Structure formats: structure tokens, C-alpha cells
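Letters go in sequence order (proteins before strands), and every chain restarts at 1. Note that the structure is predicted; figures quoted are calculated from it, not measured.
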Amino acid sequence: MANHQPTSGNPRVDIEYRRKKNKEEMKHQVTSFSLMIFLTLIAFFAVGYGYSHWFIAPFIILLAVIQVIFQLYYFMHMSHKGHEAPSLFLYSGVTVGAITVLAFSTIIWW
Amino acid sequence: MSTLAQKKGFGATLWDYLTTVDHKKIAILYLIAGGFFFLVGGLEAMVIRIQLAIPNNDFVSAGFYNEVLTMHGTTMIFLAAMPLVFAFMNAVMPLQIGARDVAFPFVNALGFWLFFFGGVFLNMSWFLGGAPDAGWTSYASLALESPTNGIDFYALGLQISGAGTLMGGINFLVTIINMRAPGMTYMRMPMFTWSTFVTSALILFAFPPLTVGLFLMIFDRMFGSNFFDASAGGNTIIWEHLFWIFGHPEVYILILPAFGIFSEIFAIFSRKRLFGYSSMVFATVLIGFLGFMVWAHHMFTTGLGPIANAIFAVATMAIGVPTGIKIFNWLFTMWGGSITFTTPMLYAIAFIPSFVMGGVTGIMVASAAADYQFHDTYFVVAHFHYVIVGGVVFAILAGTHLYWPKMFGTMLNEFLGKITFWLFLIGFHLTFFIQHFLGVWGMPRRIFTFLPDQGFETSNMVSTIGAFFMAVAVIVMLINVIMTSIKNERVGNDPWGDGRTLEWSIPSPPPFYNFKQLPLVRGLDAYWIEKMDGKKGMTPAEPLGDIHMPNSSFVPVVISFGLFVAAFGAVGIGDKEAYGIPVLVIGFLITFGSMFFRSVKDDHGFHIHKEDLMNDDDKGGKA
Amino acid sequence: MHADEKMTYETWPAAPEKATLEAKNKFLGFWLFLGGETVLFASLFATYLALKDKVPNSEHYLAKDLFDLPLVFMATMLLLTSSLTSVYAMYHMKNFDFKKMQLWLGITVLLGAGFLGLEIYEFNHYVHEYHHTFTSSAFGSAFYTLTGFHGAHVAFGLAWIITLMVRNSGRGLDLYNAPKFYVASLYWHFIDVVWVFIFTVVYLMGMVG
Amino acid sequence: MKRLMNWRLYSLLIMLTLILAGCGKPYLSTLTPAGEVAQIQYDLMKLSTLIMVGVIAVVTIIFVIVVMKFRRKDDRIPKQVEGSHTLEIIWTTIPILLLLILAIPTVAATFKLADVSEMDQVNEDGKRDALVVNVRANLYWWEFEYPDLGIITGQELVVPTDQKVYFNLKASDVKHSFWIPAVGGKLDTNTDNINKFWLKFDSDKSEEAGGLFYGKCAELCGPSHAFMDFKVKAVSKDEFKQWSTAMQNADEQQPTTDLAQAGQDIFNKSCIGCHAVTPIDGRPEAARTAPNLATFGERSRIAGILEHSEKDLKNWLANPETYKPGNKMTGTYNELKPEQLDALTEYLMSLKVME
Ligand code: HEA
Ligand code: HEA
Ligand code: CUA
Ligand SMILES: [Cu+2]
């Protein structure tokens with residue numbers, strides 16, 4: 001059962017410990033948020049400066065993917081335990097979606 | 001709660017079913033609704049076959065034929081076959097994993113009612129100007145040209161019932177992942193549960209592309225967008241892709257549960273555990289996975305180019321391997337077994353050669369260059385009826401006989417059952433075998449009639465005669481159902497005598513809470529293990545305690561009805577009718593209003609108390 | 001643990017979103033739903049990519065003529081920040097601090113509404129300045145469908161969070177509503193994930209042609 | 001006993017072959033390939049059928065043994081076997097091998113059939129040597145345009161034998177599919193793009209088929225999808241040359257009888273807006289809304305399906321809807337009186353380019 005957390009036997013200590021953990025985690029969240037903003041800025045600047053199309057397209061998509069991974073693993077807690085089934089199904093969805101996008105951008109060319 | 005119900009009046013029973021959230025009753029609803037639509041689709045098939053019996057026939061007109069053809073395919077796939085497999089999933093899967101219900105009983109009911117209202121909406125088209133007539137695939141250029149509102153009904157109806165199916169899929173997945181009884185590890189799950197699992201995953205990923213495709217179709221037809229209008233930059237091939245990205249997994253959504261049912265049957269009636277269980281699991285997952293990589297084999301002649309065609313051809317052929325693994329595992333389950341030829345087992349046995357014939361023609365059409373000849377001919381019609389009727393329909397008929405006692409507490413008559421079987425088997429091969437030849441002799445599919453002197457006359461006549469055999473078989477089965485229900489001889493937990501899985505360890509039908517105490521599962525074929533150890537039933541995994549149950553609710557019907565109303569509004573908007581927008585708004589108000597009501601009103605369910613359970617005789621399936 | 005138990009600061013579990021069976025089901029079911037939504041949006045993206053700049057004649061504006069970077073940038077910032085504020089809300093939910101959770105949710109809603117306002121302004125602008133409408137070209141249809149689906153998700157998410165806030169305002173956190181809040185925040189993040197791809201694929205890549 | 005079995009098997013095989021080949025019509029059946037493309041496809045079909053019959057045979061043998069041998073005889077509980085790795089490996093690898101045997105020629109053929117590079121090749125004069133036909137599918141009728149020859153025909157395709165003919169395929173209203181079963185597999189005519197492929201018509205086989213192949217529309221396109229047939233005249237290269245020259249030089253044909261003259265008058269009043277009567281039609285595609293009738297007198301069918309007789313022509317003109325429900329000609333002209341029908345018939349039947 002998932003609601004049996006490891007306990008020290010003393011609820012107060014546990015709560016203190018948990019609060020601290022939560023706080024620490026919140027710090028990580030803020031860090032990843034700043035990173036996300038940073039990535040967004042790079043993407044917008046890259047486009048604003050108008051580098052070559054062949055460079056920009058893959059580059060900003062890469063930035064988007066990184067950013068989304070931050071969202072998923074930090075904001076949506078996928079890095080936590082108990083997310084095996086969610087990640088299995090999310091990645092399956094991503095796979096199906098990627099195949100779809102690939103097909104639509106290759107074999108509908110006219 | 002009207003749960004430990006005695007005899008009730010008709011009104012009360014009806015209300016009970018309208019508000020039920022019990023997976024066993026929802027299963028019965030799916031069975032009845034799916035069965036009804038099967039008769040409708042079958043009737044449409046008979047119209048097709050009568051029209052094609054002789055050349056230049058004028059039994060129906062050309063336009064009407066196209067409507068019948070489209071509705072036959074659509075009804076059979078979406079409103080008959082899928083709900084019927086859902087019926088068995090609902091009835092059996094929670095019992096097989098030792099759960100008291102599905103994860104979201106309310107959503108389960110909602111799923112059913114969405115399917116039902118979607119199906120009714122689709123069929124309303126018959127009375128409101130004309131049914132859809134662009135084939136069940138509804139290819140965009142033709143669908144946009146279609147003059148009646150039929151296509152609108154198709155797109156909106158499937159949208160509604162598709163939403164229901166998607167909910168059902170998620171529900172089953174969560175149930176299987178979260179609600180297995182103690183000891184029921186993944187690799188101890190019965191094969192039918194496994195196939196429910198993979199099927200549900202396919203539903204989860206296959207339906208969204210259909211949803212999108214249908215939205216684009218709705219927007220183009222009703223709201224003036226240009227997705228499929230080449231003159232405004234649109235592209236009809238998008239529809240083809242979206243449809244088949246859904247459509248191909250869909251056929252595995254149909255066949256995998258069928259495989260599951262047969263796996264149970266082979267084991268039960270050979271008195272042997274499923275041969276190669278783990279490779280069966282693996283093969284099922286692999287089929288599900290590959291199912292998403294092959295959709296373009298329906299589009300070999302679209303002009304995607306040789307690279308795409310070659311890739312998809314080879315990927316498609318690969319599916320033959322895991323399917324073959326399953327076929328041989330079934331054969332070797334029987335090998336060395338002790339086979340009894342009950343009605344379900346007869347279907348299972350007949351399924352093997354029938355399905356293999358359909359499967360191998362699938363591989364033949366997968367050969368892209370050869371498919372340029374097969375595509376859109378009766379060869380393809382023969383292929384898919386061999387896999388669908390020889391696989392899915394056989395499984396549904398087998399499952400009906402197998403699980404009837406579990407669902408209704410009484411056995412279908414075996415003698416009539418066998419008559420149905422033989423008539424259906426003969427009729428099936430008579431109807432569809434000859435169609436392979438019609439196809440390669442040059443008969444295209446979806447033609448409302450054919451001219452004489454092309455060599456099609458005799459074979460079409462034979463095919464039609466076969467269809468009549470099937471119709472008689474279905475009628476015999478209906479008689480069987482009626483007679484059995486009137487006689488109503490009650491049966492015990494394990495009426496077939498050789499049940500292996502948990503559902504056979506509890507009464508038929510099970511009490512509404514299924515398991516008084518959750519059972520402890522000690523291995524694959526949990527009940528069989530206990531029986532072999534000389535025990536009467538399962539060992540409980542928990543002390544007798546209160547059981548938490550969900551409340552019944554009428555809200556699912558209301559939510560679904562709201563969308564039903566809104567869909568009429570959408571059709572009206574497409575026709576530029578004044579009533580369109582108000583009706584749409586009213587419909588959405590009903591739906592969202594009732595959803596709002598549902599989410600704002602707390603519903604904690606109720607508890608059955610320990611004391612009541614103890615009084616409840618021993619009918620509560622001691623674990 | 002039962003959903004209707006009265007909770008206190010002491011008894012509040014570490015993972016309230018998964019403390020009961022109902023909660024676990026809801027949690028998992030919602031993630032699976034998001035898996036399906038991924039495919040849904042992927043199909044919309046795919047359609048958009050196939051129809052990008054597909055117009056009936058040369059008089060129509062193309063992606064690179066339409067988009068306005070500063071506006072999109074502002075919208076992006078609003079939505080990204082709202083993602084962070086909803087993380088704050090969940091942080092306080094885990095600490096059993098109902099008031100602060102409501103506060104952060106309120107901020108999230110405001111940011112979301114701001115985003116929605118910008119989007120409506122933007123669409124209006126395209127329609128009136130460029131005659132780039134839902135029905136003017138296949139490109140238009142695909143553009144408005146993709147961004148509109150996302151916008152509808154935002155609107156639905158707002159309605160959902162507001163309903164939750166109002167409904168529970170008088171009674172504080174318990175194990176019955178905590179998973180609801182959690183799931184709503186997941187939904188909100190997912191909307192953000194989709195937006196990241198929209199601003200990248202539609203707007204930024206649209207700008208570079 | 002064994003003899004008997006052999007004999008039975010033998011006759012069964014003969015019967016099967018008879019059914020397979022016998023019933024199909026040589027001008028229509030894919031089992032009587034009359035050209036390279038159909039031949040490649042037929043070979044693939046044969047190869048796959050062979051493999052599949054083998055698979056079915058293996059399954060059937062095991063199946064029969066199982067069903068005969070392991071019927072329940074007593075109440076014993078059989079041994080609960082878990083599985084067998086050896087067997088698993090066997091029935092995984094053998095199918096893979098079989099599929100490879102099929103996959104390789106499939107891929108080869110797929111690429112071969114899609115090779116239309118010759119369409120773009122030009123000789124020293126800047127012209128292409130390949131014969132190219134533009135096929136335009138319309139609701140229930142076909143147009144064949146020879147862009148390099150500058151001529152157009154409706155409903156009946158004329159091609160030279162023993163050389164590759166290249167096709168550009170497209171549809172002008174809804175999707176159709178271009179299929180000449182005996183000569184090669186189909187390719188869709190889309191509304192969005194032009195599809196290209198080639199076919200080759202074998203002279204000997206064409207003779208066996210009576211020089212006339214049946215073509216069909218293979219994509220549901222509306223009520224008269226069933227009737228969207230066309231015919232292919234395969235002629236020798238010389239004859240084709242003669243024909244195309246005659247087509248190129250065909251002027252507007254002048255009626256020779258009074259009746260035909262009357263027919264022409266009606267035609268010019270009611271029909272010319274849609275139908276052209278010369279093989280050279282400079283109007284844009286969108287304006288060519290009906291089959292070109294320049295060669296109508298030499299047709300083998302009317303509207304693709306009716307017999308080429310005066311009676312049928314009058315029936316068609318009097319009421320096309322009965323013959324092709326939903327066709328685009330119905331109701332576009334005033335009702336025709338019997339004498340008008342006679343006149344039109346006389347005129348239309350006189351439209352010929354070859355003398
Ligand atoms: C339940 C439904 C179902 C199932 C299970 C299948 C199974 C398969 N189908 Fe079928 N199919 C349909 C339903 C189904 N199909 C429908 C409805 C259509 C038409 C849709 C429409 O256009 O309206 C269609 C159309 C269709 C096409 C398109 C044809 C065309 O329109 O031109 C193709 C092409 O590749 C195809 C292939 C296959 C293959 C390779 C399998 C494989 O999964 C089969 C695998 C099974 C076996 C191969 C047999 C057992 C294996 C062995 C005994 C091992 C040894 C075997 C070998 C080595 C070969 N199918
Ligand atoms: C689950 C799927 C399914 C099932 C079970 C069936 C079952 C049958 N199908 Fe179906 N069929 C399709 C799916 C299915 N079909 C699809 C997808 C298409 C393609 C559509 C398209 O091209 O768009 C198709 C197309 C199709 C065609 C091709 C039409 C054409 O291309 O022009 C034909 C022709 O023979 C046919 C025949 C049959 C027959 C004889 C049955 C029989 O097995 C039916 C047996 C059932 C009965 C006979 C029940 C009859 C019942 C009664 C008579 C009692 C009625 C009385 C009461 C109401 C009380 N089908
Ligand atoms: Cu044209 Cu069918
Ligand atoms: Cu398929």
C-alpha cells in the first residue's frame with residue numbers, strides 16, 4: 001500500500017522531515033523553472049536573430065523537448081516513485097504521436 | 001440501496017439498469033445493446049447479399065445500397081463487435097482479477113451510455129433524410145460531396161460513442177493495474193485479462209486520431225473549414241491517414257479480446273493450462289505494438305510511393321509471427337489434453353482453421369505489389385470477414401455460451417447451441433470462401449450490382465445462400481436465449497466443471513460486491529490450483545470486513561443524452577437551420593450542467609456492513 | 001485511510017493524491033488520459049504540419065507574414081509562470097496549507113486568464129488585419145484548430161480549477177478533494193507542455209519559414 | 001487406398017486450377033495476366049498462395065491430429081504442461097523465414113512497378129520517347145488525354161501493345177481508382193495530386209482477350225460506382241500510329257445524311273456545351289465536363305456499360321438516370337422527342353475518326 005510511508009515512529013519528526021523535503025524540492029522546482037524560462041528565451045532569440053532555417057528548426061525543437069522533460073519530471077513529478085505506469089503510457093503515447101507526425105510530414109508531400 | 005434485491009417490478013428493474021454502476025449489469029447492457037445492433041447489422045448484411053444474388057438486381061437502389069453498405073460496416077464494427085467484446089470484458093475481467101468492481105464505476109456507466117446514444121444517433125439518420133453512404137471508411141472527398149446529412153450523423157455519432165469507448169479503455173487499464181487481488185501478479189493474470197489490458201491500451205492510443213479525424217470532418221462539413229478541400233489547400237489523404245491510424249489498431253482491438261476468450265476456452269475444455277503462457281502474453285503485447293506501425297497497408301494504392309509501401313508491407317507481414325505463436329500455442333494446449341466438445345469449444349476449434357485462412361490472406365494482401373490487384377476487391381472482403389467473423393464473431397458466440405451462466409445464472413441449451421454452430425460455420429464458409437475468387441476475377445467491392453457475362457453470377461449466388469444459413473443460425477440462437485430464459489434453471493459456481501480462473505469460484509451470477517473477502521491468489525489459474533489441492537474455494541486474503549460500494553446514478557444517462565441533443569444542433573447548424581445553435585447550446589448545457597452537478601455533489605458511496613455480509617448466507621462467494 | 005476521514009496537520013499523508021484506492025485510481029486514470037491526449041495533440045500537430053502554408057492562392061498570408069513574436073512571447077511567459085504557480089499550490093497542498101494553496105491557485109487562474117485574453121486578441125487581430133480565418137484556407141483551418149483546441153483546454157482547465165476552489169472553499173483539504181486538486185494541476189501542466197510545442201512548432205518555426 | 005488418395009488429390013487439384021483460371025474472364029481476371037505488371041503481380045500472388053497453402057496444411061495436420069487423438073475418454077486430469085522452448089523457437093523462426101521469402105520479391109516488385117523515371121527523360125529533340133497518357137476520372141466517366149499527341153478520348157483508352165505506357169492519374173471531383181485487372185493492379189486517382197505508374201499490354205494475351213480489356217473504377221465514388229467501367233483497346237504499334245495520326249487530323253465531322261444533320265443541329269444546341277466532338281479539345285480541364293464523343297461511332301459500349309446499339313443509345317439519351325443513377329448528364333437538357341432521338345442517334349453513331 002502506497003500510504004505506508006517509511007516512518008520514524010514519531011509523527012512530529014516525520015512531518016518536520018517531510019516539510020523540509022518539500023521545501024527542498026520546491027527549490028528544485030524554482031531552479032527548473034528558471035531553466036525553462038532561459039531555454040524559452042534562447043529559442044525566441046534564435047528566431048529573432050534569424051539564423052538559417054536548417055539550424056534553427058532542429059535546435060528549437062531540441063529546446064522544446066528539454067523543456068518538456070523538465071515539466072514532466074519536475075513539475076509533474078514523474079521523477080518520483082510510483083510513476084512507472086504513467087511513464088509507460090505517456091511514452092507509448094509519445095511514440096504513437098511521433099510516428100504520426102513523422103508520417104504526416106513525409107508521406108503527405110503534395 | 002436496492003441491492004440484495006428480491007423480485008422487483010418492471011419499472012424498478014428498468015430504473016435499476018438506467019442508474020446502475022455495477023460492472024456486471026453494465027455488461028448485460030452492453031450485451032443487449034451490442035446484440036441488438038448485431039441483428040441490425042446482420043439485417044443490413046442480408047440486404048447486401050440479396051441485392052447481389054443476381055446480376056442487375058433492383059432489390060434496392062444504388063444510393064440506398066451505399067447507405068446499407070456503410071451502415072453495415074459501421075454498425076458491425078462500432079456498435080456490435082466492440083460493445084459485445086466490452087460486454088465480456090465488463091462481465092469477466094474484474095472477476096478474473098478478484099476485484100469488487102472496475103476502478104471508475106460511474107465512468108463505466110457513462111461509457112456505456114455514450115456508446116448507446118452515439119449508436120442511436122447514428123441510426124437516426126435512416127429516418128432523417130438518409131444514412132451515411134461513403135463506406136465505413138468515409139473517405140473525405142466522397143464524404144464531403146455526399147448530399148444528405150448522413151455523413152454528419154456518422155461523424156457526430158461516432159464521436160459520441162468513441163468518447164464512451166475511450167473511457168471504457170482507461171477504466172479497464174486502471175482496474176487491471178490497481179485493483180488486482182493479493183497475489184495476482186501480472187504474470188498470473190488470465191489470458192483474457194491480459195488481452196483486455198492490451199486492447200484497452202490500443203483503445204487509448206487509437207481513438208484520439210479518430211477523434212481528430214472526425215472533428216476535421218465535422219468542421220469541414222458543418223462549419224466551413226477546408227481540411228479536405230484541395231482547392232483551398234486541403235488534403236484528403238490526411239483523413240485516410242487519421243482514419244487508418246485508428247482503423248488498423250481497431251481491428252486488433254476486436255481480435256485480441258477474441259483471442260483472450262478462446263485462450264480461456266481451450267484451457268478449460270482441454271483441462272490443461274494454456275501452453276506457453278508467457279509467450280502468449282508476449283505475443284499479445286507485440287501484436288498490440290506492431291498494430292500501430294502498419295496502418296498504411298490500407299493505402300498501398302493511394303500513391304504514397306514505393307519506399308513507404310515497402311516499409312509498411314514488411315512491417316505488416318511481421319504481425320504474422322506473433323499471431324502464429326498464438327495459433328500454435330492453442331494447438332499445443334489441446335495436445336495431450338482431454339477435450340470435450342461443448343458449444344464454446346466447437347467455436348474455438350472451428351476458429352483455428354477459419355482464422356488462419358483469414359490471417360494468411362492478410363499476409364497476401366500485405367504484399368504491396370500484389371495488393372494493387374487485391375485492394376478494393378472482394379478478395380479483401382473475404383479476408384476481413386474471415387478474420388472478423390471467423391475470429392471475432394465466433395469468439396462472441398463462444399463467449400456468449402461460455403459466460404451466459406456466469407452472467408445470468410442459467411445455461412444456454414447445448415443442443416440448440418450446436419445447431420447454431422454448425423449452421424453458422426457452414427454458412428460462413430459458403431458465404432465468404434468464394435469471395436476470394438470473385439475478387440481476383442475482377443469484382444470490385446462496394447458495387448451495388450454487377451453486369452452479367454463477367455463470370456460473377458454463380459459465385460455471388462452461392463455467397464448469398466451462405467448468408468441465409470448464418471441468418472437461420474442467428475435465429476436459432478435467439479430461440480435458444482428465449483427458451484433458456486423462460487426455463488431459468490439455476491446453476492452453481494462452476495457450471496462447466498473445469499473452470500480455472502477466479503470468476504468460476506463465486507456464484508453465478510455473483511453477488512453485487514463480487515467477493516465477500518478478496519481471494520488470495522497463489523498462481524496462474526488460481527481457482528484450478530485450489531481445486532487440485534482439494535479445496536472447495538479460494539482462501540481469503542483478508543478478514544471479513546465492511547465493503548465500500550459506489551452509489552447508483554442517473555447522471556451518466558443525462559450527460560450522454562445532452563450530447564445526443566447537441567449533435568442534432570450541430571447537424572442543424574450545418575444545414576443553416578435556425579434551430580441549430582439553440583439546440584446545440586441546450587444539449588451542451590444538459591451535458592456540462594450534469595457534469596458540474598456530479599463534480600460539485602460529493603459522492604462517497606456506501607458501506608455494506610460486516611454483519612449484513614454474514615447474514616447474506618453463503619451466497620456471497622466466500623472469497 | 002478513507003476518503004471521508006477528517007484530516008489534521010498530523011495525519012495528513014505525504015502523498016495525499018494517492019492515499020486512498022479511489023485517489024490512486026484517479027491519479028493513474030488521469031495520467032493515462034494524458035497519454036491519450038498526447039496522441040490527440042500529436043494528430044493535430046501532424047495535420048497542421050501537413051497543411052502549413054497551404055492556401056488557395058498567393059493572396060493569402062503565410063505563417064511568416066502573420067506571427068508576432070512579442071505577443072507570443074508574452075503569452076508564453078504567462079503560461080509558463082502559471083505552471084510554476086500551480087506547483088506552488090501543490091506544494092502547499094502537500095503541507096496541508098489550504099489557504100496558501102487557494103491563493104496560488106488563484107494566481108494560476110489569473111495568469112491562465114491572461115493567456116486566454118492574449119490568444120483571443122491575437123485571433124481577432126489575424127482575422128481583421130490579415131483575413132486569415134478558420135474558413136479562408138486549409139492553413140487557417142489547421143492553425144485555428146490546433147491553437148483553438150489548446151485554447152479550449154485552457155478554458156476548460158480554468159473552469160475546472162475555479163469550480164474546485166469555489167466548491168471546497170468552505171471546508172478545507174481532505175483526502176477526497178486533494179486528489180482532485182492534484183489531478184487538475186497535472187492537467188494544467190499538460191496544457192503548458194502542449195503550449196511549449198505550439199510556440200516552437202507553430203510560431204517560432206513559422207517565423208523562420 | 002493410397003492410389004485412391006492420390007487420385008483424389010490430383011483431381012481436386014485439377015478442379016481447383018480449373019476454378020481458378022477457368023471462371024475468370026481473360027479480359028477481366030487478374031489470374032490471366034496480359035502484361036508485365038499483371039504478370040509480376042500474378043507471380044507474387046502465386047508465391048504467396050503457395051506459402052499460405054503450406055501454412056494452412058501444417059496447421060490443419062496438427063489440428064486434425066489434436067482433435068482426433070485427444071478427445072476426452074475418461075476423467076483423468078492431463079498433465080499441466082507449461083510450454084516448450086524448442087517448439088517456441090521453431091514456430092517463431094520458420095514463419096520469419098517464410099515471410100522473408102515473400103518480403104524480398106514484394107519489395108523488389110514494389111519498386112519496379114513504381115519506376116516512372118522514363119516519363120521525365122527527353123531525347124535530343126527535347127521530346128520524350130515514352131508514351132504518356134493523362135487519365136482524369138470524373139463522376140462515372142473517364143477521360144484519356146495524350147499530352148504529347150494532343151488528342152483526347154473519352155471512356156475508351158487506346159494503347160499500343162508490347163511497350164510501356166505511362167500514366168498520370170488524377171480525379172476532378174471525388175476520389176476514384178484506375179484499374180485494368182487483366183493488365184495490372186490499380187492506382188488511385190486523387191483529388192489532391194497526380195499519381196504516376198506504368199502498364200504494359202501483351203500482344204498475344206490481348207488477342208486471346210479479344211483485343212479489348214475491361215477497366216473498372218475501384219474506389220467507392222457514389223451511386224454509380226458500380227457502373228464506372230471503361231474499355232481498353234490494345235492495338236499493335238502500327239495500328240496505334242495510324243489511329244493517333246487519324247485522331248490528330250480529324251476535323252469536325254460533317255454529317256452525310258439529313259437525319260444526321262438534324263441530329264447535329266440538336267446536338268449543337270443542347271449538348272455541345274459539355275461534349276466535344278473533335279479529338280483535339282483546347283478547353284481547360286474544368287470546362288471538359290463530359291466525355292469526348294469524337295470517336296463515339298467506334299465505341300464498344302455506351303457510357304461504359306451499355307451495348308453499343310442504336311436502341312441502347314436512344315434509351316440512354318432518353319433517360320440516363322435509369323442506367324447510371326446519379327450521373328451528371330441527367331436533367332441537363334430538355335426532354336427529347338422520339339424523332340429527336342432518332343436524329344441524335346444517327347448523328348452520334350456517325351462520329352468516327354477511322355474509316
Ligand atoms: C479482426 C480483424 C482483422 C484482423 C485480425 C486482421 C489481420 C490482418 N490483416 Fe486485415 N483487415 C481487416 C480486419 C482484420 N485484419 C479489415 C476490416 C480490413 C478492411 C478494411 C476496409 O478496407 O474496409 C482489412 C484489410 C487488410 C489490408 C488492406 C487490404 C486492402 O484494402 O487492400 C491488409 C494489408 O496488408 C491487411 C492485412 C492483415 C494482416 C497481415 C493481418 C494479420 O494480423 C494476420 C496474422 C495471422 C496469420 C498470418 C495467421 C496465423 C499465423 C500462422 C499460422 C503462422 C504462420 C504464418 C505465416 C508464415 C504467414 N488487412
Ligand atoms: C464486425 C464486423 C462485421 C461482421 C460481423 C460482418 C458480417 C457479415 N457481412 Fe460484412 N462488412 C463489414 C464488417 C462486418 N461484416 C465491414 C467493415 C464491411 C465494409 C463496409 C464498407 O465497405 O464500407 C463489410 C462489407 C460486407 C460486404 C461487402 C459489400 C460491398 O463491398 O459491396 C458483404 C457482402 O457480402 C458483407 C456481408 C456480410 C455477411 C453476409 C455477414 C454475416 O456474417 C452476418 C451474419 C448475421 C446475420 C445474418 C444476422 C441476421 C439476423 C437476422 C436475419 C435476424 C433479424 C431479425 C430480427 C431483427 C429479430 N459485408
Ligand atoms: Cu469512380 Cu468508383
Ligand atoms: Cu489493417
Start with the C-alpha gap between D:Thr30 and B:Phe374, add the side-chain angles, then the distance that decides, and say whether side chain to side chain contact (heavy atoms under 4.5 Å, CB included) holds. CA-CA 9 Å; D:Thr30 66; B:Phe374 295 129; over 6 Å; no
Just checking, is any N or O donor in the side chain of B:Ser279 or D:Glu88 under 3.5 Å from an acceptor N or O on the other one? yes
Taking side chain as everything from C-beta outward and backbone as N, CA, C, O, which of these in [X] sits under 4.5 Å from a heavy atom of chain D? Side chain, backbone, both or neither.
X        : result
B:Asn66  : side chain
B:Phe341 : side chain
B:Ala134 : backbone
B:Met280 : neither
B:Phe332 : side chain
B:Ile352 : side chain
B:Leu274 : backbone
B:Tyr65  : neither
B:Ser61  : neither
B:Trp330 : neither
B:Glu240 : side chain

Between D:Lys79 and B:Lys272, does a side chain to side chain contact (heavy atoms under 4.5 Å, CB included) hold up when you go through it step by step? CA-CA 7 Å; D:Lys79 194 158 155 261; B:Lys272 230 175 123 243; over 6 Å; no
Side chain from CB out, backbone as N, CA, C, O: work out which of these in [X] comes under 4.5 Å of a heavy atom of chain B, or both, or neither.
X        : result
D:Thr92  : both
D:Leu113 : side chain
D:Tyr214 : side chain
D:Val55  : side chain
D:Lys112 : neither
D:Thr93  : neither
D:Ile65  : side chain
D:Lys216 : side chain

Counting heavy-atom pairs under 4.5 Å to chain B, which of [options] comes out on top?
options                                : value
D:Ser224, D:Pro95, D:Cys221            : D:Cys221
D:Ala218, D:Pro105, D:Ala109           : D:Ala218
D:Thr49, D:Leu220, D:Val59, D:Ile94    : D:Leu220
D:Pro325, D:Ala182, D:Ala108, D:Gly184 : D:Gly184
D:Asp75, D:Ile56, D:Val58              : D:Asp75

Do [X] and [Y] come within less than 4.5 Å of each other through their side chains, counting heavy atoms only?
X        : Y        : value
B:Phe275 : D:Leu87  : yes
B:Met357 : D:Met52  : no
D:Lys175 : B:Thr302 : yes

Holding to side chain to side chain donor-acceptor pair (under 3.5 Å), I want the full list of residues that pass it with D:Lys231, two or more places apart in sequence or in another chain. none
Those residues at least two apart in sequence (or on a different chain) that pass side chain to side chain donor-acceptor pair (under 3.5 Å) with D:Arg72 are B:Ser338, B:Asp498
Heavy-atom pair with the smallest gap, counting every atom of [X] and [Y]:
X        : Y        : value
D:Leu28  : B:Trp441 : CG-O, 3.4 Å
B:Asn235 : D:Asp192 : CA-OD2, 3.3 Å
B:Ala310 : D:Phe111 : CB-CE1, 3.8 Å
B:Arg271 : D:Pro78  : O-CG, 3.2 Å
D:Asn195 : B:Thr301 : ND2-O, 4.5 Å
D:Phe63  : B:Pro353 : CE1-CD, 3.6 Å

Sidechain-backbone polar pair: [X] side chain, [Y] backbone, donor-acceptor under 3.5 Å:
X        : Y        : result
D:Lys186 : B:Tyr372 : yes
D:Asp188 : B:Gly303 : no
D:Thr106 : B:Ala368 : no

Side chain to side chain contact (heavy atoms under 4.5 Å, CB included) for D:Asp229 and B:Leu451? Distances and angles first, verdict last. CA-CA 11 Å; D:Asp229 288 5; B:Leu451 300 173; 4.3 Å; yes
Parallel, tilted or perpendicular: which fits the ring planes of D:Trp91 and B:Phe328, with parallel below 30° and perpendicular above 60°? parallel
Report, by ascending residue number, the residues of residues 34-43 of chain D in heavy-atom contact with chain B at a distance under 4.5 Å; give 'none' if the set is empty. D:Ala38, D:Gln41
Option that, when pairs with chain D are counted at under 4.5 Å, heavy atom only, ranks first among B:Asp453, B:Asp58, B:Leu69: B:Asp453
Taking B:Ile327, B:Ile339, B:Thr361 one by one, which has the highest count of heavy-atom pairs under 4.5 Å against chain D? B:Ile339
List for me each residue that meets side-chain contact (heavy atoms from CB on, under 4.5 Å) alongside D:Asp312, sequence neighbours excluded, and say none if there are none. D:Ile302, D:Leu306, D:Glu307, D:Ser309
